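Structure first, then comments.
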Amino acid sequence: MVMTKMVLQVQVESETPATPPTSLQLLASNQTKNNVDIGSIFGLDVGGTLSKLVYFEKSSPHSNSHTSPFLDSRRRQNSDIPTFPTSPQTSPKNPPSEPRSKDTSNLPPPSPTHNHPLKRINSLNSLHRHSHRAALDEFYKFANEHNTFGQSGIKEPHLSFQSRSLGGSFHFIHFETRHMPSAIDLISENGLAQNIKNMGCTGGGAHKYSEMWRSRVNINMIKQAEMASLVAGIEFVLKSLVGECFTFKPQRSPVTSSSSSPRKITEEEWSRKVQRDSIRDRTTYPYIVVSIGTGVSFIRVDGPGPSQFERVTGSTIGGGTYWGLCRLLTDCETFSDVLQLAEMGDSGKVDMLVKDIYGTNPEALRKLKLPGNIVASSFGKLATKNNPSDGIDQKDLARAILMMTTNNIAHIAYLTARLYKTSRIYFIGNFLRHNNVSCQRLSYSIDYWSNGTVEGLFLEHEGYLGALGAFLLGQEGGEEVKPMKEKRRSRRRSQSAGEAICKEDVERIVKGAEKLKREGEGEEEEEESEGTTGIYGGEVFAEPKKERQRRVTTTYIPNM
Ligand SMILES: Nc1ncnc2c1ncn2[C@@H]1O[C@H](COP(=O)(O)OP(=O)(O)OP(=O)(O)O)[C@@H](O)[C@H]1O
Ligand SMILES: CC(C)(CO)[C@@H](O)C(=O)NCCC(=O)O
């Protein structure tokens, strides 16, 4: 039976909340603030869908060490350090109860950067004052007593980590951005606003909601640029935390050159979670960051400096697309419900495969250089059926939308990495939260297309890097960090939101495509000899005639 929701429920949600402040809020905003400002413990990232709040809990001189699956880099220089183990059975988000030990003492200490180990952290030092301590204790009591807040606030205690260099712990909360007015109310109603004057904030909402924060609770948003915050957060966790970075690899060992017969590599096998090393030295750069939020941003990071990055392109097909379409086409009410549904679905019922177009004639497929069972067109099968919904469940739709979104991102990420000659792509953003299907598909796709020369990498704090960055940059004086080549940004971007690619993007892509074509022509014989390859289907055929060339600079930590 067709389960597709046929009725479109139009929910009008005020974009810029128009509700006037309540009397309580006005009272709060008019309140004379204390001579105390604990705002420097926060970093807020207000995105198109989710708002992420990081707060830093300064350790009191006698407090015990906070228990956390993550360790900062100072500790990893000792031997026998427990790390975040990686095994096929281990969910990336659920660390097993007994961490294994691994000697990482041979790793060099992290190189100092603009944001590590935060020497100029005067704003945090002032928090030791008696007056601040009382305000902090009040906030920590409130925050630590709850795991949920208001309409959609959720604390994620498993992500908390201690930073010895900063002398305290980071904690993580998120809520839906559409509930911003009630989030501000919550702060106000609990008497927390009077001790906060300035707060580091990033994301589009740092601008959009700044006036609301000021008028309702008299809190000033110290705005940090979105991409600079993301990069600062990434650099910080990569240099500071053991167990932060991981990828997925196949369960079986890769095909060897000695194998003579064609071998199927199924996507299902690409499920072995493997821990990856953090940033070691300059050879890590450049790398690509793909931030999969509501929309998708692609950033090239050239070095550890505060402005050594550039947002090189974007895609409108992101987490918002996935969640938006699923809300329309399924009955799921939460993002985690729809991910669970997708895990059970079969996108093959919806997607049109190459063999649906070509038939199974091996000669024709050989000429096309595509195997028959890869996807030719996402959702294409529905275009040619008499009744498109026949035999299709919500779970199949959820899976197909997930695959379509993920494949599209993987494709752009791979081309971006080729264009900028990088071997590392860090995928971040809350679209990947508890989303093993997409993480595995991204790892698999990137490895496959690049012939093992580029690696898709993931971070445990994937959704909080902007918030962490806003906190960190705020400590450094609160000045907005401008990306490199800011001047080039005077390039004309279309005013139309729908027109995602600007002229320079097109020129770059065309140049890149021409270059790839030239390279491809030069390598034609080699390509031929590598046999038929393809991706997108439930499985991929690889007919390698020679061993893959691995040029990945990442140090491989053997899976234990
Ligand atoms: N609880 C949730 N509610 C809604 N979406 C969720 C949830 N958890 C994960 N997601 C996914 O994460 C996406 C938002 O990710 P993220 O928080 O990184 O982006 P954002 O900051 O809101 O967006 P942008 O950076 O584009 O402004 C959603 O579009 C959805 O795909
Ligand atoms: C608008 C932002 C940067 C907000 O985070 C993000 O949603 C995005 O990168 N969207 C894609 C926009 C583009 O097409 O470049």
Side-chain angles (χ1 to χ4, degrees), residues 13 15 43-54 93 148 151-156 172-180 201-209 224-230 233-234 289-299 310-327 332-340 342 398 401-402 405-406 408-409 412-413 416 426-435 437-439 458-459 461-470 483 489 491 493-502 504-506 509:
E13 231 128 36
E15 277 261 288
L44 179 65
D45 176 3
V46 184
T49 310
L50 295 180
S51 294
K52 287 74 60 178
L53 180 73
V54 169
K93 311 297 164 195
T148 58
Q151 281 167 282
S152 62
I154 292 173
K155 188 159 73 186
E156 305 204 62
F172 302 89
I173 295 170
H174 70 261
F175 58 92
E176 292 179 35
T177 300
R178 65 192 170 122
H179 294 143
M180 184 62 79
C201 189
T202 189
H207 306 273
K208 181 173 166 185
Y209 292 98
Q224 299 295 344
E226 181 178 350
M227 305 303 149
S229 302
L230 285 176
I234 291 170
V289 174
V290 181
S291 173
I292 318 176
T294 314
V296 191
S297 287
F298 297 77
I299 309 160
E310 187 184 10
R311 182 183 185 275
V312 290
T313 192
S315 170
T316 56
I317 300 175
T321 318
Y322 174 64
W323 180 217
L325 285 173
C326 285
R327 287 188 77 191
C332 289
E333 296 201 343
T334 67
F335 184 75
S336 54
D337 282 353
V338 87
L339 278 186
Q340 276 178 24
I401 304 168
L402 189 61
T405 309
T406 308
N408 192 56
I409 294 167
I412 302 170
T416 309
Y426 291 98
F427 291 97
I428 60 164
N430 275 310
F431 171 69
L432 298 174
R433 190 171 173 270
H434 300 310
N435 183 356
V437 171
S438 292
C439 291
F458 307 90
L459 302 176
H461 293 85
E462 77 271 280
Y464 289 100
L465 300 156
L468 254 179
R489 282 187 187 279
R491 63 170 76 132
R493 270 197 93 91
S494 162
Q495 294 300 303
S496 144
E499 213 172 303
I501 298 181
C502 65
E504 283 77 3
D505 284 338
V506 174
I509 288 165

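Atoms within a ligand are numbered from 1 in the order they appear, just like the ligands themselves. Below, each value reflects all heavy atoms present in this structure, side chains not excepted, and no hydrogens, waters or symmetry copies. Note that this is a predicted model, so its numbers are computed, not measured. The first residue in the sequence is number 1, and the count goes up from there.
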Under 4.0 Å from a heavy atom of [X]: give me the atoms of ligand 2 that qualify, with their elements.
X    : value
G295 : 7 (O), 8 (C), 10 (N)
G314 : 13 (C), 14 (O), 15 (O)
R311 : 8 (C), 9 (O), 11 (C), 12 (C), 13 (C), 15 (O)
S297 : 3 (C), 8 (C), 9 (O)
T316 : 14 (O)

Does [X] have a heavy atom less than 4.0 Å from any atom of ligand 1?
X    : result
E462 : no
G203 : no
H434 : no

Taking [atom] as the reference point, the nearest protein heavy atom with its distance:
atom                    : answer
atom 13 (C) of ligand 1 : F431 N, 3.9 Å
atom 23 (O) of ligand 1 : T294 OG1, 2.6 Å
atom 31 (O) of ligand 1 : G319 O, 2.9 Å
atom 19 (O) of ligand 1 : G293 CA, 3.1 Å

Do you know which of D337, T321, V338 makes side-chain contact (heavy atoms from CB on, under 4.5 Å) with C326?
V338
Heavy-atom pairs closer than 4.0 Å: do any link ligand 2 to the side chain of V296, the backbone, both, or neither?
backbone
Check this for me - ligand 1, [X], N or O atoms closer than 3.5 angstrom, yes or no?
X    : value
E176 : no
K52  : yes
V46  : no
G295 : yes
Y322 : no

Going by distance only, is there an N or O of T313 that falls short of 3.5 Å from an N or O of ligand 2?
no
If you round to the nearest 0.5 Å, how far is CG of L339 from CG of L402?
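Those atoms lie 6.5 Å apart.
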Rounded distance (nearest 0.5 Å) linking atom CG of N435 with atom OG1 of T405:
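Reported value, rounded in 0.5 Å steps: 10.0 Å.
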Is the closest heavy atom of S315 to ligand 2 under 4.0 Å?
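For ligand 2, residue contact (heavy atoms, under 4.0 Å) with S315 is present.
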Anything under 30° is parallel, anything over 60° is perpendicular, the rest tilted; go ahead and classify H174 against Y464.
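Rings of H174 and Y464: tilted, as their planes differ by 30° to 60°.
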